[in-house]
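Below you'll find the structure, written out as structure tokens, and then a few comments.
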Amino acid sequence: MPQFAANLSLMYTELPFLDRFAAAARDRFTAVEFLFPYAFEPAEVAARLTDNRLQLVLFNAPPGGTDRSRMAAAWDQNARGTAALPGHEAEFRAGVQEALCYAEVLGCPRIHVLSGIVPPGVERESLKDLCVGNLRWAAAEAARAWCDILIEPINLRDMPRYFLNRQDHAHELLDAAQAPNLKVLMDLYHCQIVEGDVATKLHQYLPTGRVAHVQIAGVPGRHEPDRGELNYPFLFETLDALGYSGWVGCEYRPAADTSAGLAWRDRALAGSAADS
């Protein structure tokens with residue numbers, strides 16, 4: 001059965017961010033992920049991880065900004081990344097460097113970088129070379145810190161005009177960049193909305209070794225994965241059959257109470273224990 005990591009940006013939102021670590025540990029998570037830590041001192045976040053015996057498996061580089069205060073505010077100001085945005089190269093590099101500083105303190109091996117929103121009147125394809133160059137630079141910087149850089153296809157319903165939407169486009173960027181620590185974050189929620197045929201995509205891309213992290217949520221509401229049109233028990237079996245040994249991030253918005261909504265996970269783990 002896959003290893004599940006709680007996403008502390010979407011789960012336990014009834015609590016202040018720094019209190020969510022203890023809540024996840026009480027619910028028997030051993031790993032967490034989140035979007036952005038930049039509103040908090042790295043040592044403060046590290047202490048919550050240590051105190052609760054949690055592993056941080058993924059977080060995002062800043063979506064914008066050139067200093068930490070701007071980076072912390074950028075998402076709420078509708079910044080959605082700079083990797084593919086002309087004229088934002090310095091902003092992109094500053095964000096990657098800040099993320100690497102946090103990753104070192106937090107012991108996190110993976111950083112997701114956001115590509116950005118395609119500007120009006122600009123064709124997506126015209127931004128590909130810029131994005132590849134930025135990703136190649138980021139991967140080289142991250143390699144010195146033994147980190148992977150991840151890119152994630154995101155659906156256009158949730159994020160209109162986002163640069164990267166499809167699994168094949170993500171792997172084309174990897175082909176062009178030729179950086180061994182540049183990999184894909186495969187979010188099955190986004191994949192279902194954009195492309196469907198999720199199990200076939202898993203069979204196609206997991207054996208490449210270039211999918212470093214998987215995320216899940218119910219479709220279409222982005223609630224618990226036992227709600228909606230995706231058959232997650234089957235998809236978990238598919239991950240197992242393909243030998244996926246990475247983490248599965250629970251990047252969903254609980255329909256009500258976070259802890260009460262974890263029955264899907266408990267069933268999955270109980271079924272796995274019964275099979276072993």
Side-chain angles (χ1 to χ4, degrees), residues 7 9-10 33-36 38 58-65 70-89 91-96 99 110-139 148-177 182-198 201 205 210-222 230 249 251-253:
N7 187 297
S9 295
L10 275 70
E33 61 180 32
F34 45 69
L35 297 185
F36 309 108
Y38 308 104
L58 176 76
F59 69 95
N60 290 353
R70 289 186 174 90
M71 293 171 184
W75 183 262
D76 290 337
Q77 295 171 354
N78 296 317
R80 293 297 182 264
T82 54
L85 293 191
H88 290 261
E89 292 84 352
E91 195 174 3
F92 175 78
R93 293 189 175 203
V96 169
R110 297 169 204 87
I111 297 170
H112 167 225
V113 298
L114 289 145
S115 302
I117 305 301
V118 176
V122 175
E123 291 295 326
R124 177 197 174 275
E125 191 65 23
S126 70
L127 302 176
K128 181 178 177 180
D129 289 345
L130 169 65
C131 188
V132 167
N134 278 333
L135 293 175
R136 188 183 291 124
W137 175 87
D148 288 341
I149 294 293
L150 274 56
I151 56 175
E152 176 188 14
I154 295 176
N155 80 78
L156 294 171
R157 184 181 73 201
D158 288 353
M159 206 173 290
R161 296 188 62 82
Y162 190 72
F163 171 77
L164 180 57
N165 321 120
R166 297 177 53 89
Q167 305 304 314
D168 56 348
H169 290 164
H171 286 266
E172 286 172 5
L173 293 173
L174 268 59
D175 290 339
L182 178 63
K183 299 185 178 181
V184 176
L185 192 176
M186 189 173 183
D187 188 318
L188 305 189
Y189 163 80
H190 293 303
C191 184
Q192 169 68 4
I193 292 171
V194 176
E195 305 175 63
D197 205 15
V198 172
K201 298 294 188 305
Y205 293 114
R210 302 199 298 185
V211 175
H213 194 72
V214 170
Q215 290 178 330
I216 59 173
V219 180
R222 205 171 191 175
L230 279 175
E251 196 186 38
Y252 64 81
R253 298 185 182 93

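Here, residue 1 is the first one in the sequence, and each next residue gets the next number. Side chains are part of it too, since the values below use all heavy atoms of this structure and drop only hydrogens, waters and symmetry mates.
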task = Check whether any side-chain heavy atom of D148 lies under 4.5 Å from a side-chain heavy atom of I111, and answer yes or no.
result = no
query = Once you round to the nearest 0.5 Å, how far does NE2 of H190 lie from CD of E251?
reply = 6.0 Å
ask   = Any side-chain heavy-atom pair from L188 and Q215 closer than 4.5 angstrom?
value = no
request  = Please round to the nearest 0.5 Å and tell me the distance separating atom NE2 of H169 and atom OG of S115.
outcome  = 12.0 Å
request  = List for me each residue that meets side chain to side chain contact (heavy atoms under 4.5 Å, CB included) alongside A139, sequence neighbours excluded, and say none if there are none.
outcome  = A179, N181, L182
inquiry  = With a 3.5 Å distance limit and no angle check, can you tell me whether R161 reaches the backbone of I117 through a side-chain donor-acceptor pair?
reply    = no
No-hydrogen, no-angle side-chain donor-acceptor test under 3.5 Å, E152 and H213 = no
task = Calculate, to the nearest 0.5 Å, the distance between atoms CG and CG belonging to L173 and N134 respectively.
result = 11.5 Å
ask   = If you look at every heavy atom in A84 and P86, which pair is closest and at what distance?
value = O-CD, 3.5 Å
message = Any heavy-atom pair between the side chains of E195 and N165 that's under 4.5 Å?
response = no
ask   = Rounded to the nearest 0.5 Å, how far apart are CG of L185 and CD1 of I154?
value = 8.5 Å
remark   = Result for side-chain contact (heavy atoms from CB on, under 4.5 Å) between L114 and one of N60, L164, L85 points to N60
key: Considering all heavy atoms, the nearest Y38-A61 contact   = OH-CA, 3.4 Å
task = Assert yes or no for the condition that the ring centre distance of H112 to F59 is strictly below 6.0 Å.
result = no
Side-chain donor or acceptor of Q167 paired with backbone N/O of M186 under 3.5 Å = no
remark   = Minimal heavy-atom distance between E123 and S126, with the atoms involved, is O-OG, 2.6 Å
query = Please walk me through it: do Y205 and D168 pass side-chain hydrogen bond (donor to acceptor under 3.5 Å, both in side chains)?
reply = CA-CA 9 Å; Y205 293 114; D168 56 348; 5.3 Å; no
message = What's the separation between atom CG in L230 and atom CD1 in I216, rounded to the nearest 0.5 Å?
response = 10.0 Å
request  = Give the minimum heavy-atom separation between A74 and P63, together with the two atoms involved.
outcome  = CB-CG, 3.8 Å
key: Taking every non-hydrogen atom, the tightest pair across R157 and I193   = NH2-CD1, 3.0 Å
request  = Evaluate the side-chain proximity of D187 to P153: yes if any heavy-atom separation is below 4.5 Å, no if none is.
outcome  = no
query = In terms of the angle between their ring planes, are F36 and W75 parallel, tilted or perpendicular, with boundaries placed at 30° and 60°?
reply = tilted
inquiry  = Could you walk me through whether L10 and F34 satisfy the side chain to side chain contact (heavy atoms under 4.5 Å, CB included) test, starting with their C-alpha distance in whole Å, then the side-chain angles of each, then the deciding distance to 0.1 Å, before giving a yes or no?
reply    = CA-CA 8 Å; L10 275 70; F34 45 69; over 6 Å; no
inquiry  = Could you tell me if the side chain of R110 sits less than 4.5 Å from the side chain of E33, heavy atoms only?
reply    = no
ask   = Side-chain donor-acceptor pair under 3.5 Å between N155 and Y162, yes or no?
value = no
inquiry  = If I compare all heavy atoms of A138 with all of I149, which pair ends up nearest, and what's the gap?
reply    = O-CG1, 3.7 Å
task = Apply the test side chain to side chain contact (heavy atoms under 4.5 Å, CB included) to residues I151 and V113: give CA-CA distance (whole Å), side-chain angles for both, the deciding distance (0.1 Å), then the verdict.
result = CA-CA 6 Å; I151 56 175; V113 298; 4.1 Å; yes
message = If we ignore hydrogens and angles and just use 3.5 Å, is the side chain of S9 paired with the main-chain N or O of L35 as donor and acceptor?
response = yes
ask   = Yes or no on salt bridge (Lys or Arg N to Asp or Glu O under 4.0 Å) for D175 and R210, after CA distance, side-chain angles and deciding distance?
value = CA-CA 11 Å; D175 290 339; R210 302 199 298 185; 2.9 Å; yes
query = Hey, does the Lys NZ or Arg CZ of R124 hover above the aromatic six-ring of F163, less than 6.0 Å from the centre and inside 45° of the axis?
reply = yes
key: pair V118-L127: side-chain heavy atoms closer than 4.5 Å   = yes
key: D197 atom CG: more than 12 heavy-atom contacts under 6.0 Å   = yes
Close side-chain approach of V194 to L156, heavy-atom, < 4.5 Å = no
query = What distance do E91 atom CD and M71 atom CE have between them, rounded to the nearest 0.5 Å?
reply = 8.0 Å
query = Does some side-chain heavy atom of D158 sit less than 4.5 Å from a side-chain heavy atom of Y189?
reply = yes
